[in-house]
Structures are given as structure tokens and as C-alpha cells.
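A short write-up of the structure that comes next.
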Number of protein chains: 2
Amino acid sequence: MTSSLTPSPFSEHDHKKCVREALDTAEHICVIRGVQLTPIRHKVLELIWESHKAIKAYDLLDRIKPLMDAAKPATIYRALDFLIEQGLIHRVESLNAFVGCRCSAHQHEQLLLICNRCHDVEERPATKVMRALAQEIEQAGFIVHRKAIEIHGICAKCEAQAGNPN
Amino acid sequence: MTSSLTPSPFSEHDHKKCVREALDTAEHICVIRGVQLTPIRHKVLELIWESHKAIKAYDLLDRIKPLMDAAKPATIYRALDFLIEQGLIHRVESLNAFVGCRCSAHQHEQLLLICNRCHDVEERPATKVMRALAQEIEQAGFIVHRKAIEIHGICAKCEAQAGNPN
DNA sequence: CAATCATATGTAATATTATAACATTCTCTT
DNA sequence: AAGAGAATGTTATAATATTACATATGATTG
């Protein structure tokens with residue numbers, strides 16, 4: 001019973017489970033690391049996980065204001081800083097926006113496939129790419145701190161719909 | 001006779017030649033394509049090529065104002081839009097800044113190595129990475145419009161200096 | 001217990017980055 | 001000379017992000 005109204009590479013999945021898992025993992029990681037997933041941070045993470053689209057800081061602010069009247073830009077940006085530090089979300093550089101990270105416990109740096117149609121962001125570990133990348137960087141004598149690999153285009157789901165729009 | 005005061009992967013090269021080539025290529029490409037590299041656009045490109053560091057739009061604005069009193073943000077952003085469209089510069093998404101592109105005639109999408117110390121940006125075609133990437137994206141059934149591959153860290157030059165600071 | 005320290009949050013102001021909308025000019029073509 | 005298209009001028013404002021300082025909260029320890 002999947003609606004085709006909101007095309008998405010994720011439209012088939014059980015999103016509640018998806019979110020629950022993400023939040024459980026986040027809570028677990030924070031306990032292990034002895035860092036505080038405070039109510040604000042938890043709420044921001046939850047809001048980010050409402051969809052697989054990247055969400056902007058001020059949209060998060062709008063969403064959180066009804067719940068926390070005191071919320072200001074700094075409130076959001078501080079929570080985002082924390083979540084990024086802990087590898088619980090990605091900052092999508094090419095969108096100035098933020099998306100949940102499923103890879104928390106494992107490697108954080110992944111390839112992001114960003115659909116220009118449905119706006120969902122898909123993470124891919126892309127081990128072969130990462131291996132080639134490591135080699136290239138090594139050859140350049142470069143020492144990596146951070147990687148941002150962002151591909152914009154049309155996801156499989158949207159493409160299928162475009163070709164077959166029923 | 002290379003100064004070690006401004007460490008850079010490019011510090012050994014003849015930068016004047018580098019710029020001249022870039023501008024010549026740009027002029028040539030624009031003629032071929034029948035698009036106008038107007039004085040404003042040319043000046044912006046020249047300013048961007050003053051170094052291999054990514055430069056911010058408002059820094060460009062500050063640099064161009066003494067020459068063109070009328071310059072406003074839109075002046076700069078329009079020139080930048082044109083230069084990006086023509087593949088003459090890269091927008092560095094993770095810096096909100098702009099850097100000259102040496103690959104104009106060839107493929108435009110390259111890997112960017114961004115040094116956090118000297119701030120120089122090095123382009124690399126990285127064909128193996130690109131090949132692996134194409135394969136990965138193909139597997140995902142994704143159709144690429146645009147790639148941004150940005151690696152932050154310390155370049156070889158700066159690393160050498162750090163280890164051997166004479 | 002009081003003192004202090006570190007962490008997190010509240011709050012206001014402001015800095016930085018980018019776009020929208022509409023007017024004007026310039027250049028080419030007819 | 002008229003008209004079309006491209007480029008630029010100009011003003012205003014939107015969107016994104018940070019700084020600085022005040023306050024609170026909770027743990028640690030003298």
C-alpha cells in the first residue's frame with residue numbers, strides 16, 4: 001500500500017522503524033561516549049529524521065518553536081553542531097541542509113545521492129569509490145580531515161516514475 | 001627562489017603564466033561558444049585566479065569595488081553564475097567560495113583537495129575515482145546532474161613544512 | 001555545605017551569503 | 001529608428017550562520 005504521491009527511494013520502507021532505529025542507535029552511542037543527547041538535541045535529531053530529505057536550519061527552527069518558545073537560531077545550530085560532531089547527521093554542503101546519518105557506528109563518510117526531484121538523500125558506503133579515493137589522496141600526499149561527496153541528480157524511483165507515470 | 005612564507009602546493013610554479021593560460025583559455029572558450037566574457041566577468045575571473053585559494057563572493061566584491069564603484073552583490077553573483085555555467089570556475093560548496101578551474105575544455109567535474117592550512121585548492125581529475133563513482137551511481141540507478149567531491153585536510157606542502165619547519 | 005567548574009541553554013545582536021524585482025543601458029538586427 | 005535580447009544598475013530583502021554575554025544546571029570537591 002505505498003502511495004506514489006511522494007516518490008522516494010525510501011517510499012517502500014517502514015519509516016517509523018527507520019526513525020526508531022536511528023534514535024535508538026543515537027541514544028546508545030551517546031551513552032557509550034558519555035555525551036549528552038539532551039532533550040533539545042534529541043528533538044532536533046527526531047525532526048531531521050522525519051524524512052530522508054535534507055532539512056534547513058531555519059525550517060528546523062520553525063518546527064521546534066511551537067514546542068520550545070525560547071528556540072533561537074543558536075539553539076538549532078548548537079544542536080546541529082553536536083549531532084555532526086557525533087556523526088549522527090550529515091551536513092549536506094551543497095544544500096546548506098542536514099540529513100540523518102544511518103552509518104553512525106560505522107564509517108561516517110559516505111557518498112550522498114541527492115535527488116533533485118523528490119529531494120531524498122541516500123547514503124551509500126561505496127567502498128570501491130572510497131578505496132580509489134584513498135589511493136588518489138595518498139598519491140597526492142594529502143592528509144584527509146573530512147570528505148564531502150555529493151551527487152545531485154534523479155533517483156531511480158523518480159526516474160522510473162518519469163518514464164512510467166501512472 | 002621560492003619563498004616558504006606562503007606554503008602552497010603551487011608555490012613552485014609560475015603563477016603569472018598560470019593565470020595567463022587560464023584567461024586565454026577562458027577567452028577562447030567563450031569565443032567558440034559565442035558567449036560574452038564581458039569586462040565584469042573577465043575581471044571577476046581574473047580576481048579569482050589571483051591565487052589558488054577559494055575566494056568568497058563578498059571578498060570579490062570588496063576587491064572589485066575600487067575599480068567599479070557601481071558593483072553590488074548582484075554584480076558579483078551574476079558574474080559567478082556565468083563563470084560556473086561555462087565551467088570556468090568551481091563553486092566550493094563546503095566553503096561557499098569560488099576557485100578557478102583548469103579543466104575548462106575537458107571534464108569539469110573533478111575532485112577538489114582543500115588545504116585547511118594554506119587554503120589552496122587543488123583539482124584532480126582522479127579518473128579511477130570517477131570511474132568507480134560512475135559505477136556506483138549506475139548501480140544505484142541514479143542519473144547524475146552534478147558532482148561535488150571536496151576533500152578537506154592538509155596538503156603535501158604544508159605537511160612537509162610541519163614535519164620539517166626550516 | 002559552599003565553592004568551583006564544566007556543560008548546556010537563553011537571549012540579543014549582528015555578520016555573512018544570496019536572491020528577487022524592476023529599471024536602465026547596450027548591442028545587434030531588421 | 002524600432003524592437004529584441006542580453007547584460008548591468010539599483011534597491012531591498014531573504015536566508016544562513018556566528019558572536020558574545022548572561023543564566024542555569026549538575027557534578028566534583030575543598
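In what follows, chains carry the letters A, B, and so on, assigned in the order in which the sequence lines appear, proteins first and then strands, with residues in each chain numbered from 1.
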Under 4.0 Å between any heavy atoms, over every strand shown, what does A:A71 touch: base, sugar-phosphate, or nothing? Just pick one. nothing

So ring-ring contact (aromatic ring centres under 6.0 Å, His included) across residues 81-102 of chain A, not counting sequence neighbours, yields A:H90-A:H108

A:D81 vs B:P39, nearer the 5' end of DNA chain D by closest nucleotide: B:P39

Once each nucleotide of nucleotides 25-30 of chain C is scored for protein heavy atoms under 4.0 Å, what B/S/- sequence comes out, 5' to 3'? ------

Rounded to whole Å, please give me the gap between CD1 in A:I76 and P in C:dA12. 17 Å

Walk me through whether B:L80 and B:I48 qualify under side-chain contact (heavy atoms from CB on, under 4.5 Å). CA-CA 10 Å; B:L80 291 170; B:I48 289 173; 3.8 Å; yes

Separation of A:K72 atom NZ from C:dA13 atom P, in whole Å? 11 Å

Exam field: side chain A:E123 to backbone A:C101, donor-acceptor pair closer than 3.5 Å: no

Report the distance from atom CD1 of B:I84 to atom C1' of C:dA18, rounded to the nearest whole Å. 12 Å

Please identify each residue that fulfils side chain to side chain donor-acceptor pair (under 3.5 Å) with B:E50, with sequence neighbours left out. B:R63

Can you work out whether B:R91 or A:A74 has the more 5'-proximal nearest nucleotide on DNA chain C? A:A74

Partner set under side-chain contact (heavy atoms from CB on, under 4.5 Å) for B:V19, not counting sequence neighbours: B:H15, B:L23, B:W49

How close or far is atom P of C:dT17 from atom CD of B:E93, stated in whole angstroms? 14 Å

For B:L95 and C:dT16, give me the distance from atom CG to atom P, rounded to whole Å. 16 Å

Residue pair B:R41/B:N96 against DNA chain D: nearer the 5' end by closest nucleotide is B:R41

CG of A:D69 versus C1' of C:dT11: gap in Å, rounded? 12 Å

Show me the donor-acceptor pairs, under 3.5 Å and distance only, between side chains in residues 143-153 of chain B and residues at least two apart or in other chains.
from, atom 1, to, atom 2, distance (Å)
B:H145, ND1, A:N116, ND2, 3.1
B:R146, NH1, B:E93, OE2, 3.0
B:R146, NH2, A:H152, NE2, 3.4
B:E150, OE1, B:E93, N, 3.3
B:E150, OE1, B:S94, N, 2.8
B:E150, OE1, B:S94, OG, 2.4
B:E150, OE2, B:E93, N, 2.7
B:H152, ND1, B:N116, OD1, 3.3
B:H152, NE2, A:R146, NH2, 3.4
B:H152, NE2, B:S94, OG, 2.7

Quick one: side chains of residues 34-44 of chain B, donor-acceptor pairs under 3.5 Å with protein atoms, not counting sequence neighbours, listed by atom name and distance.
from, atom 1, to, atom 2, distance (Å)
B:T38, OG1, B:R41, N, 3.4
B:R41, NH1, B:Q36, O, 2.7
B:H42, NE2, B:E27, OE2, 2.8

Taking only residues two or more places apart in sequence or in another chain, which ones pass side-chain contact (heavy atoms from CB on, under 4.5 Å) with A:D62? A:D59

Suppose we screen for side-chain contact (heavy atoms from CB on, under 4.5 Å). Which residues come up paired with A:D81, at least two apart in sequence or across chains? none

Look only at the side chain of A:K65 and the backbone of A:L60, and say whether a donor-acceptor pair between them is shorter than 3.5 Å. no

Between residues 58-66 of chain A and DNA chain C, which residues have a heavy-atom gap below 4.0 Å? none

By side-chain contact (heavy atoms from CB on, under 4.5 Å), B:K72 pairs with (sequence neighbours left out) B:T75

Can you give the first and last nucleotides of DNA chain D, 5' to 3', that have an atom under 4.0 Å from a heavy atom of chain B? D:dA6 to D:dT11

